[in-house]
Amino acid sequence: RPDRVLAALPEGTRVKPFDIYITLLGQFALLSILAIGGANAVVPEIHRLSVHDQHWMTDTQFVDLFALAQAAPGPNVLVVSLIGLQVGGLIGALITTLAMCGPSSILAYTISNAWDRFRERPWRKVAGANTARRSDQVAQQIYLQVSVVRRQVVAECDGQVRLRRP
């Protein structure tokens, strides 16, 4: 599969299959740290990288892979594996999947261990209580804001409907 990608590059471009694997690893490992909301949070960046920057595929191919990943059962990170498969074959799929899941998993594991190691510290107990209290407050504020906006939209729509009725 890397041969197809290499053949699609502009003439005179010299890239080895190994370079494609290194690019896949580096780019998707970086995206892993940025993907706080999951793989779908960085889909626009993956699109830019795959279609516009690296020219690994066309817009249509990207949309097809994204649609297939969304239609298939399983995690949203499947789109990353499909892009890796398209670009670098089975090895590319393995590299992109590990690059997307590895760094964020290691980061979460490290932070979890550190948080657990300091469980008896007074600052952690205070931070934990404040975090829980603040997250409840934030959730309440979001709920109230959404409710207010929803009421305004409904009132606006209702007013427009009333104005249009004869």
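The shown structure was predicted, so the numbers you read here are calculated from the model rather than taken from an experiment.
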Donor-acceptor pair, [X] side chain versus [Y] backbone, under 3.5 Å?
| X | Y | value |
| --- | --- | --- |
| Q61 | T58 | yes |
| H52 | L49 | no |
| S50 | W56 | no |

Worksheet item: Atom CD1 of I111 and atom CD1 of I106: how far apart are they, to the nearest 0.5 Å?
Response: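 Going from the CD1 atom of I111 to the CD1 atom of I106 covers 12.0 Å.
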
Fill in: From NE2 (H47) to CG (L65), nearest 0.5 Å
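H47 NE2 to L65 CG: 11.0 Å, rounded to 0.5 Å.
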
Worksheet item: What about F28 and V77, same hydrophobic cluster or not, with Ile/Leu/Val/Met/Phe/Trp/Tyr joined at side-chain heavy-atom distances under 4.5 Å?
Response: yes

Which pair of heavy atoms, one from [X] and one from [Y], lies closest together, and at what distance?
| X | Y | value |
| --- | --- | --- |
| V80 | T97 | CG1-N, 4.3 Å |
| M100 | A35 | CE-CB, 3.8 Å |
| A72 | L78 | CB-CD2, 3.7 Å |
| G84 | T96 | CA-OG1, 3.5 Å |

Worksheet, complete the sentence: The residue among I33, L98, L30 that forms side-chain contact (heavy atoms from CB on, under 4.5 Å) with P103 is I33

Worksheet item: Should the heavy atoms of other residues, nucleotides or ligands under 6.0 Å from CG of L25 be counted, would the total exceed 12?
Response: yes

Practice prompt. Applying side chain to side chain contact (heavy atoms under 4.5 Å, CB included), name anything that partners S105, two or more places apart in sequence or on another chain.
Written response: none

